[in-house]
Student: 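Just dropping this structure here.
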Amino acid sequence: MASSTSPAANAAAGVLVAMVLAAVCLHGAAAQLCEDYYDDTCPNAYDIVKKVLVDAHRSDVRIFASLIRLHFHDCFVQGCDGSLLLDGVPGVINSEKGAPPNNGSVRGFPVVDKVKAALEDACPGVVSCADILAIAAEISVELSGGPKWGILLGRLDGLTANFQSASNLPSPFDNLTILEKKFRDVGLRDPVDLVALSGAHTFGRAQCQFVTDRLYNFSGTGRPDPTLNTGYRAFLTQRCPLNGNASALTNLDPTTPDTFDKNYYSNLEVNRGLLDSDQILKSAPEAQGVIAPIVDQFARSQDAFFKSFAQSMIKMGNIQPVTDPSMGEIRCNCRKVNDS
């Protein structure tokens, strides 16, 4: 018998599951993070962050996608500790901002600075920069039409950066085997996490340098990627011409570039994934057993995608958080460790 449950009800139920998972403080390996961590010390923290983000979005439509990327790139390097935000200090800190996957690519740092300043005005020395990234990621997704989830909070800011580890972030050029290994290495062993978190490419932009090989010299063949939709390829060659501006931008999702929805997966179904690391989730031979069916599921059901994305974001946000005061601090300025 067919279910009579409405799509809206299914979506609400899916998000509710994610929120219930987050409602309990996590202990042990995931440290002591809780949804209500700032309820007494900075009860308006969420609203303060949201106001700054809404203001920033008025002049920068890309900022929401940029902020969730900051959280991702932070958590995949020595855990969710705000290390990505640290500027370099000669002989002391080799900033992750200069690592090849980040240099000239990650953005949004001035908005994080504005959020931090607003929080310091309201509750000095309370909200960590690592938690700001977690809160900003959730707000960015929600305000773009995506799911809401309960954000686990209570991270301290790390005291160091890790340039070498940042140089090994998941790459648009990685094959599926390497992508799966990089996710496993940070504790995200469920294939659903890889597919769901890749869905953050449903909004935002990418530089032409990350797609030109697919257009003109795939795997050194001197020819286009054969899995690339021919009509989409023709469109992309106009946006990213051979020997053109490598830093020029094109939409990650050609259908709804600023909306958080399931169209990322719908695009993969018809070979309209922008990056090779996106399209392989559907088209690579080694994806057909486990990975591609997850893509199919999310292409059919936005509710399923939203539910899994919320759960995977909660898991990612719990990669090695710093909670020991001897190992971390609440930075006064997200760009530098506090003075001794």
Side-chain angles (χ1 to χ4, degrees), residues 1-18 21 65 68 72 141 144-147 149 170 172-184 188-204 206 211 214 218 224-233 235-236 251-257 259-316:
M1 180 177 179
S3 170
S4 60
T5 306
S6 69
N10 286 336
V15 174
L16 177 61
V17 170
L21 287 174
I68 192 171
F72 183 101
V141 169
S144 301
W149 61 90
F173 308 112
D174 286 341
N175 63 37
L176 186 56
T177 300
I178 292 174
L179 285 175
E180 289 178 304
K181 181 180 187 303
K182 288 181 177 180
F183 273 68
R184 286 196 305 271
L188 298 174
R189 297 178 177 85
D190 189 334
V192 172
D193 296 323
L194 168 58
V195 181
L197 292 174
S198 295
H201 285 174
T202 190
F203 64 169
V211 71
R214 293 193 73 202
F218 183 67
D225 181 351
T227 69
L228 189 57
N229 177 283
T230 54
Y232 186 42
R233 186 180 75 227
F235 168 77
L236 288 174
N251 296 326
L252 283 162
D253 175 356
T255 52
T256 51
T259 302
F260 198 96
D261 55 26
K262 73 177 182 65
N263 285 350
Y264 167 81
Y265 303 101
S266 302
N267 293 331
L268 299 186
E269 295 286 316
V270 293
N271 294 325
R272 288 166 60 92
L274 178 66
L275 305 176
D276 187 38
S277 58
D278 293 325
Q279 192 59 53
I280 59 174
L281 300 178
K282 172 61 181 176
S283 302
E286 60 270 30
Q288 302 313 305
V290 176
I291 299 292
I294 302 171
V295 172
D296 297 340
Q297 179 191 22
F298 292 166
R300 290 191 303 267
S301 172
Q302 185 159 281
D303 295 345
F305 166 45
F306 280 11
K307 174 184 175 181
S308 293
F309 185 82
Q311 292 172 335
S312 293
M313 285 297 293
I314 292 167
K315 291 168 67 175
M316 187 186 79

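Note that the numbering runs from 1 along the sequence shown for the chain. What you are looking at is a predicted structure, and each value in this text was computed from that prediction instead of being measured.
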Student: Sub-3.5 Å donor-acceptor pair from the side chain of Ser301 to the main-chain atoms of Gln297, do we have one?
Tutor: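 Such a contact is absent between Ser301 side chain and Gln297 backbone.
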Student: Is there a side-chain contact between Met313 and Ile68, using heavy atoms and a 4.5 Å cut-off?
Tutor: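 Yes. Closest side-chain heavy atoms under 4.5 Å.
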Student: Which pair of heavy atoms, one from Asp261 and one from Thr256, lies closest together, and at what distance?
Tutor: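 In terms of heavy atoms, the two residues are closest at OD2-OG1, 2.6 Å.
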Student: Out of curiosity, Lys307 NZ to Ser312 OG, how far, rounded to the nearest 0.5 Å?
Tutor: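 These two atoms lie 11.5 Å from each other.
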Student: For a quick test of reading the model, state the closest non-hydrogen atom pair linking Ala310 to Trp149 and the distance between them.
Tutor: CB-CB, 3.9 Å
Student: About how many Å separate CZ of Phe309 and CE of Met316, when rounded to the nearest 0.5 Å?
Tutor: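 The CE atom of Met316 sits 7.5 Å away from the CZ atom of Phe309.
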Student: Kindly determine whether Asn271 and Gln279 satisfy side chain to side chain donor-acceptor pair (under 3.5 Å), including the steps that lead there.
Tutor: CA-CA 7 Å; Asn271 294 325; Gln279 192 59 53; 3.2 Å; yes
Student: I would like to know whether Val192 and Phe298 meet side-chain contact (heavy atoms from CB on, under 4.5 Å); could you show each step before the answer?
Tutor: CA-CA 10 Å; Val192 172; Phe298 292 166; 4.2 Å; yes
Student: Between Asn229 and Gly231, which heavy-atom pair has the shortest distance, and what is it?
Tutor: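 Answer, listing the atom of Asn229 first, then Gly231: OD1-N, 3.0 Å.
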Student: Passes side chain to side chain donor-acceptor pair (under 3.5 Å), Asp174 versus Ser277? Steps please.
Tutor: CA-CA 6 Å; Asp174 286 341; Ser277 58; over 6 Å; no
Student: Any non-hydrogen side-chain atom of Pro147 less than 4.5 Å from a side-chain atom of Phe260?
Tutor: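 Of all side-chain heavy-atom pairs linking Phe260 with Pro147, at least one is under 4.5 Å.
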Student: Do Tyr232 and Val270 have side chains that get closer than 4.5 Å, going by heavy atoms?
Tutor: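 Contact flag for Tyr232/Val270 side chains = no.
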Student: Is it true that Asp253 and Arg272 have a side-chain N and a carboxylate O under 4.0 angstrom from each other?
Tutor: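 Not counted as a salt bridge, because no side-chain N and carboxylate O are separated by less than 4.0 Å.
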Student: Hey, are the side chains of Thr202 and Lys262 touching, using non-hydrogen atoms and a 4.5 Å cut-off?
Tutor: no
Student: Can you give me the closest heavy-atom contact between Ser198 and Tyr265, atom names plus distance?
Tutor: C-OH, 4.5 Å
Student: Does Phe305 have its ring centroid less than 6.0 Å away from the ring centroid of Tyr264?
Tutor: no
Student: Would you call Leu188 and Leu194 a side-chain contact if the rule is heavy atoms closer than 4.5 Å?
Tutor: no
Student: Would the distance check show the side chain of Gln288 and the main-chain N or O of Ala284 forming a donor-acceptor pair, the cut-off being under 3.5 Å?
Tutor: yes
Student: Any side-chain heavy-atom pair from Leu274 and Asn267 closer than 4.5 angstrom?
Tutor: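 Side-chain contact under 4.5 Å: no.
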Student: Answer yes or no: is there a side-chain heavy-atom contact under 4.5 Å between Thr227 and Phe218?
Tutor: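 Side-chain contact under 4.5 Å: no.
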Student: Grab the two heavy atoms, one from Ile280 and one from Asn175, that are nearest each other, plus how far apart they are.
Tutor: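 Reported closest heavy-atom pair: CD1-C, 3.7 Å.
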Student: Are the side chains of Leu236 and Arg214 in touch, meaning some heavy atoms are under 4.5 Å apart?
Tutor: no
Student: Once rounded to the nearest 0.5 Å, what's the spacing between atom CG of Leu176 and atom NZ of Lys181?
Tutor: 14.0 Å
Student: With distance as the sole test, does Asn263 use its side chain to make a donor-acceptor pair with the main-chain N or O of Ser266 at under 3.5 Å?
Tutor: no
Student: Look up atom CD1 in Ile294 and atom CG in Leu281, then write down how far apart they are to the nearest 0.5 Å.
Tutor: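 It is 9.5 Å, given to the nearest 0.5 Å.
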Student: Taking all heavy atoms of Pro293 and all of Ala287, pick out the closest pair and write down the distance.
Tutor: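 Nearest pair, atom of Pro293 first, then Ala287: CD-O, 3.9 Å.
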